[in-house]
Amino acid sequence: MRIATFNVNGVNGRIDLLADWLGETSPDVVCLQELKAPEEKFPAARLEKAGYGAIWHGQARWNGVAILARGCEPIETGRGLRGDPEDMQSRYIEAAVRGVLIGCLYLPNGNPQPGPKFDYKLAWMERLIARAADLIGLDEPVVLAGDYNVIPTDADVYKPERWKDDALMQPESREAFFRLTAQGWTDAIRHLHPDERIYTFWDYWRNAFGRDAGIRIDHLLLNPVAAKGLKSAGVDREVRGREGTSDHAPAWVELEDR
DNA sequence: ATGACTGATGGAATCAGA
């Protein structure tokens, strides 16, 4: 079972790119972030034609998350994170697909820091940690996949000095990320590739992809049951080199079928 | 230190992204 996450950076603007990639790699489950589409403009019909059922949580202009399932409908188990009734941003959606629980998340960027956006990021991380604590010990596989907007270590960035003042690399952001993983989650890509330079994001500026000036911020965290079945993990970085692409590349894991 | 690039909205310029 192949589970992927892709910050598509505008699901309508890149629907052809998305459909091509789906056709080429046939993931069983896809977590999408940055839909940049309100609820009613999600391209559900087009994705159904591509063979995917979907649930989504849209928002005008920004944010937005979705879960796609090949050949079936995801069974939604929740949207949004408890703990802040004032939070209107569409950043978390959760569903069961063929016996696997999938949490799809778009963690706040948090720049500039310090400031209210950084405070929101850290508070959101606490709410994610609370939800993750509910899920870590389940008897079925759980995958928390998405754009975490956290560079976990200096091995996950081409030039740490360039990002040292950025919200993605602050000690507070990293500390919260490691407190999350310390519950028992496995960072699948880093687990299988401990010594490789692996990136999932390259900005649009200054030929960042051409120079491989990237960062690793899209992660798939596995609970112990899911980690037991982990076969492989990687990044479809070739997608980042295409015409009119997202600034993120898809990341994925392959789990043994249960 | 700054800016470069991009999508969405709306029909220009701005916001947000990372």
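So you know, we letter chains A, B, ... as the sequences are listed, proteins then strands, and number each from 1.
Nucleotide B/dG7 holds its P atom 17 Å from the CG atom of A/Asn63, rounded to whole Å. Protein atom OH of A/Tyr204 is 13 Å distant from nucleotide atom C1' of B/dA16, rounded to whole Å. Separating the CG atom of A/Leu107 from the C1' atom of B/dA16 is a distance of 16 Å, rounded to the nearest angstrom. Across the protein-nucleic acid pair, A/Asp247 atom CG and B/dC5 atom C1' stand 9 Å apart, rounded to whole Å. Taking atom CG of A/Asp166 as the reference point, atom P of B/dT2 lies 15 Å away to the nearest angstrom. Going from atom CH2 of A/Trp202 over to atom C1' of B/dT6 covers 17 Å, rounded to whole Å. One atom, CZ of A/Phe118, and another, P of B/dG17, lie 14 Å apart when rounded to the nearest Å. Atoms CG (A/Asp165) and P (B/dT2) sit 12 Å apart, rounded to a whole Å.
For A/Tyr158 and A/Tyr199, the distance between ring centers is not under 6.0 angstrom.
Remark: A/Trp21 engages A/Phe6 in a ring-ring contact (aromatic ring centres under 6.0 Å, His included) (not counting sequence neighbours). Taking the side chain to side chain contact (heavy atoms under 4.5 Å, CB included) definition, one finds that A/Ala133 meets it with A/Gln183, sequence neighbours left out. In terms of the side chain to side chain contact (heavy atoms under 4.5 Å, CB included) criterion, residue partners of A/Glu172 (sequence neighbours excluded) are, by chain and number, A/Phe118, A/Leu122, A/Gln170.
Pairs engaging residues 54-83 of chain A under the salt bridge (charged side-chain N to carboxylate O under 4.0 Å, His left out) rule: A/Asp28-A/Arg70, A/Glu39-A/Arg79, A/Glu76-A/Arg79, A/Arg82-A/Asp134 [sequence neighbours left out]. For residues 224-258 of chain A, every residue pair satisfying the ring pair (Phe, Tyr, Trp, His ring centres under 6.0 Å) rule, not counting sequence neighbours, is listed here: A/Phe201-A/His248. Residue pairs satisfying the ring pair (Phe, Tyr, Trp, His ring centres under 6.0 Å) criterion with at least one member in residues 44-76 of chain A, sequence neighbours excluded, are listed as follows: A/Phe42-A/Trp56.
Looking at residues 6-14 of chain A, you'll see A/Asn7, A/Asn9, A/Gly10, A/Gly13, A/Arg14 sit with a heavy atom under 4.0 Å from some atom of DNA chain B.
Side-chain contact between A/Thr5 and A/Leu32 is absent, with no heavy-atom pair separated by less than 4.5 Å.
OP1 or OP2 of B/dA18 has at least one side-chain nitrogen or oxygen of A/Tyr106 nearer than 4.0 Å. In this model, the phosphate group of B/dG17 is not approached by any side-chain N or O of A/Asn109 to a distance below 4.0 Å at OP1 or OP2. Phosphate proximity of B/dG17 to A/His248: absent, as no side-chain N or O sits under 4.0 Å from OP1 or OP2. Of the side-chain N and O atoms in A/Arg91, one or more sit less than 4.0 angstrom from OP1 or OP2 of B/dG17.
B/dA13 and B/dA4 have their P atoms separated by 16 Å, with the value rounded to a whole Å. Between the P atoms of B/dA1 and B/dT14, the separation comes to 25 Å (whole Å). B/dG17 and B/dA12 have their P atoms separated by 26 Å, given to the nearest Å. Look at the P atom in both B/dA16 and B/dG10: the space between them is 15 Å, to the nearest Å. For the P atom pair drawn from B/dT6 and B/dT2, the interatomic distance equals 22 Å after rounding to whole Å.
A/Lys121 comes within contact range of no nucleotide atom at all, as no heavy-atom separation falls under 4.0 Å.
In this structure, the separation between CG on A/Leu35 and CD on A/Gln59 is 10.0 Å, given to the nearest 0.5 Å.
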When you compare the protein's N or O atoms with those of nucleotides 9-14 of chain B, which come within less than 3.5 Å of each other, and at what distance?
none

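Hydrophobic clustering, defined by side-chain heavy atoms of Ile, Leu, Val, Met, Phe, Trp and Tyr closer than 4.5 Å, groups A/Leu222 together with A/Met1, A/Ile3, A/Val29, A/Ile55, A/Val65, A/Ile67, A/Ile93, A/Val97, A/Val100, A/Ile102, A/Tyr106, A/Val143, A/Ile189, A/Leu192, A/Ile198, A/Leu220, A/Leu230, A/Val235, A/Val253, A/Leu255.
Both A/Phe201 and A/Arg162 lie close to DNA chain B; mapped to their nearest nucleotides by heavy-atom distance, the more 5′-ward contact belongs to A/Arg162.
Of the listed nucleotides (B/dG3, B/dA18, B/dA16), B/dG3 has the atom at the smallest distance from the side chain of A/Arg206.
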